[in-house]
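In what follows, chains carry the letters A, B, and so on, assigned in the order in which the sequence lines appear, proteins first and then strands, with residues in each chain numbered from 1.
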Amino acid sequence: MKRVYSKEEVCIACGLCQVHCLVAHSESKDIIKAYKKETPRQPSRIKVQQKGSLSFPLSCRHCEEPWCVYSCLTGALQKDPESGIVTVDAEKCVGCFTCVVACPCSAIIPDFHRKKAVKCDLCPHLETPACVANCPNQALIFTDGATPVGTKVVAETAAGR
Amino acid sequence: MARKHFRYLIIGNSAGGIGAAEAIREADKEGSLAILSDEPYHTYSRPLISEYLAGERTLEGIYFRPADFYEQKNVQPILGKKAVALDLAGRLVRLESGEELTWERLLLACGGKPIVPPMKGDGLEGRFNFITLDDARKLRPALKKAKEAVVIGGGLIGISLTEALVKLRIKVTIVEKMGRVLGAIVDANVSRLEEARLKKAGVKVVTGHTVQEVVASADRPEAVGGVVLDNGQKITCQILGVAVGVSPRGELVEGTDIKKGRGIVVDRHMATSHPDVFACGDAAEAYDFVYGVARLTPIWPNAYIGGRVAGFNMAGKKAVYPGGTAMNSLGYFGLPIASAGLFDPPEGNGYEALSHLEGEIYRKVILKDGRIAGMAMVSDIGRAGIIFGLMREGVDVSSFKEALLSDEFSLASLPEDLRKRRLSQELASPISGGGK
Ligand SMILES: Cc1cc2nc3c(=O)[nH]c(=O)nc-3n(C[C@H](O)[C@H](O)[C@H](O)COP(=O)(O)OP(=O)(O)OC[C@H]3O[C@@H](n4cnc5c(N)ncnc54)[C@H](O)[C@@H]3O)c2cc1C
Ligand code: SF4
Ligand code: SF4
């Protein structure tokens, strides 16, 4: 399946992916309204991870065997057998946040205001997820490539050691 | 007597049973499959009986799977019927109704039964357990006339019940035998924070005491009127909730060759000592990666994942249980708590505890030989998953252990190879050698 991968070499931690994720998941889909009018504000589903000069954004990996789905107390989290996309059914979710502890990437964001778990849904209403489309440095790619960046780097690192 | 045959028979229509049924159907679409439960309901989420009791969710609102689940998965539900005997030689389960079910592979996902401490005068109207949907359904009408409740047990189930009662404007006193609430899953700092929240919500918390006697109401001798504690203290109540916990329901294997400790003992394939009988969930002792042995770890995710592993193996696909441990995410009375594994380091033996407490923000990890053996996070639980993931995989965190408690902790804090692995698709899977 197509997933979002990040390139830490070019990420400058500008945070625009977070901004556009928030907007894409807002009511109005309008950047000003999403920030000024919609309260509580939607959390971003992608988070820039940063340490010193290293930075890269992270969102859900849509795992083949998702810990979050298997840990969900209510059945709100499901992996679509066709598309492979892992989503939260907000109606069913009770905000117990068991999934937050279960995900090894901390890719599920607890929305304490709404008492709901939120996560990347790969923007089903858009052709390209908003984070990818709006990164000014092309630090995010959306691909089902046989050698997605992340995996390739792992292979190289492993070989180089 | 009527006799039916199934390739797969699952006893238990909850986390473990559903996990297994879904895995079986991924591996085998055809083989006949039945799920048996003495509860008459569509599969529901047990932890949500509290929301149901509080009137926040309807019965359909706590369904664990869609209403057409059984048809969709080609599963025969046999609900409201109890298995009373297991015959291994005949590969047969006998029901209370007299019916008999034969099977080729059997899963015991029987869960637990409530622990009820002995109390003088017990047996009056107004005394409830809090484990099943039926418990919640019986409680509901009884609460209409009630003003005060005593909840025995300040653990997860007790606090869950208390929260529902408080929402219904009942005055609650928790009586906890240990010195503090949640004492089985968190340390004293976390207990103190939770107790403060309880008190703020008007809940009285009595610790270090037990209920010795249940006394009848003055005007209705058949009903609960109050309790007497072991120190002689009397507390008036119309509702007495027993929420001490559960013990594994292992009655079916009693008298068979299947090995049982406190729970039904299973290997890393979730198989019991009988190769075609599997067990999982609250009924089973399965591998705990913190202790390195099979133990009771009665939480929902472990039941589901154990069930999934059992299901694959039952359908002939090798799958290995990665292990589970006591892991919980609680949000009672608005206080987010994430905890897993040990909460205090055992004396000596190279354990180390790192912690940071500031108001209601708390972070703690317990290390053993560089590996995480326990964690607790209060308020800010957003990165608990990264830490729990490291714990589950047994990663040596010595080189970055200080970062674990920092405000800035993220995947960027991890060593490069590990970080790259998290970003790729090569996440350690809950089921190795599984499904695909
Ligand atoms: C109030 C409450 C709150 C909880 N909160 C949490 C939480 O926040 N997080 C968490 O992780 N866990 C929580 N738990 C624990 C969680 O619900 C259990 O770990 C989980 O339900 C175990 O699933 P299981 O499939 O092993 O068994 P169960 O859910 O106990 O289901 C077993 C089923 O098998 C049936 N059965 C047993 N024997 C027979 C028989 N002989 N014949 C027919 N049917 C039989 C039982 O009636 C039952 O329906 C909570 C539990 C309670 C009660
Ligand atoms: S939320 Fe976490 S565990 Fe779930 S699919 Fe995404 S990355 Fe995997
Ligand atoms: S927070 Fe919602 S999605 Fe996450 S485990 Fe709880 S019910 Fe499921």
With a 4.5 angstrom heavy-atom cut-off, could you sort out which part of [X] is near chain A: side chain, backbone, both or neither?
X: Met377(B); answer: neither
X: Pro66(B); answer: neither
X: Ser379(B); answer: backbone
X: Arg57(B); answer: side chain

How long is the span from the [atom1] atom in [X] to the [atom2] atom in [Y], to the nearest 0.5 Å?
X: Ser71(A); Y: Ile299(B); atom1: OG; atom2: CD1; answer: 7.5 Å
X: Leu54(A); Y: Ser410(B); atom1: CG; atom2: OG; answer: 8.0 Å
X: Leu58(A); Y: Arg419(B); atom1: CG; atom2: CZ; answer: 12.0 Å
X: Cys103(A); Y: Arg422(B); atom1: SG; atom2: CZ; answer: 9.0 Å
X: Arg383(B); Y: Cys105(A); atom1: CZ; atom2: SG; answer: 14.5 Å

With no hydrogens and no angle check, is any side-chain donor or acceptor of [X] less than 3.5 Å from a backbone partner on [Y]?
X: Arg61(A); Y: Leu423(B); answer: yes
X: Trp300(B); Y: Cys72(A); answer: yes
X: Arg308(B); Y: Tyr70(A); answer: no

For chain B, which residues from [range] lie under 4.5 Å away (heavy-atom distances)?
range: residues 86-102 of chain A; answer: Glu91(A), Lys92(A), Cys93(A), Val94(A), Cys96(A), Phe97(A), Thr98(A), Val100(A), Val101(A), Ala102(A)
range: residues 112-129 of chain A; answer: Phe112(A), Lys116(A)
range: residues 17-26 of chain A; answer: none
range: residues 38-53 of chain A; answer: Gln49(A), Gln50(A), Lys51(A)

Just wondering, more than 12 heavy atoms not from Lys37(A) lying within 6.0 Å of its NZ?
->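 At most 12 heavy atoms, drawn from other residues, nucleotides or ligands, come within 6.0 Å of this atom.
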Is the CD atom of Glu60(B) crowded by more than 12 outside heavy atoms at less than 6.0 Å?
->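 More than 12 heavy atoms, drawn from other residues, nucleotides or ligands, come within 6.0 Å of this atom.
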Would you check if Leu73(A) and Leu48(B) make a side-chain contact, meaning some heavy-atom pair closer than 4.5 Å?
->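 Heavy-atom side-chain distance check fails, nothing below 4.5 Å.
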So, do Trp67(A) and Ile305(B) sit near enough that their side-chain heavy atoms are less than 4.5 Å apart?
-> yes
Proximal component of Ile109(A), with respect to chain B [non-hydrogen, under 4.5 Å] |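 Contact with chain B involves no heavy atom of Ile109(A) at all.
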Closest heavy-atom contact between Ser106(A) and Ala384(B)?
->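 Heavy atoms only, the tightest pair is OG-N, 4.1 Å.
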Chain A interface, residue from Ala303(B), Pro301(B), Gly389(B) that has the most non-hydrogen pairs under 4.5 Å =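 The residue among Ala303(B), Pro301(B), Gly389(B) with the greatest pair count is Pro301(B).
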Closest-packed option against chain A by number of heavy-atom pairs under 4.5 Å, given Phe388(B), Phe409(B), Phe64(B) |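 The residue among Phe388(B), Phe409(B), Phe64(B) with the greatest pair count is Phe64(B).
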When you look at Phe56(A) and Leu411(B), which way does the side-chain contact (heavy atoms from CB on, under 4.5 Å) test go after all the steps?
-> CA-CA 9 Å; Phe56(A) 55 89; Leu411(B) 284 185; 4.0 Å; yes
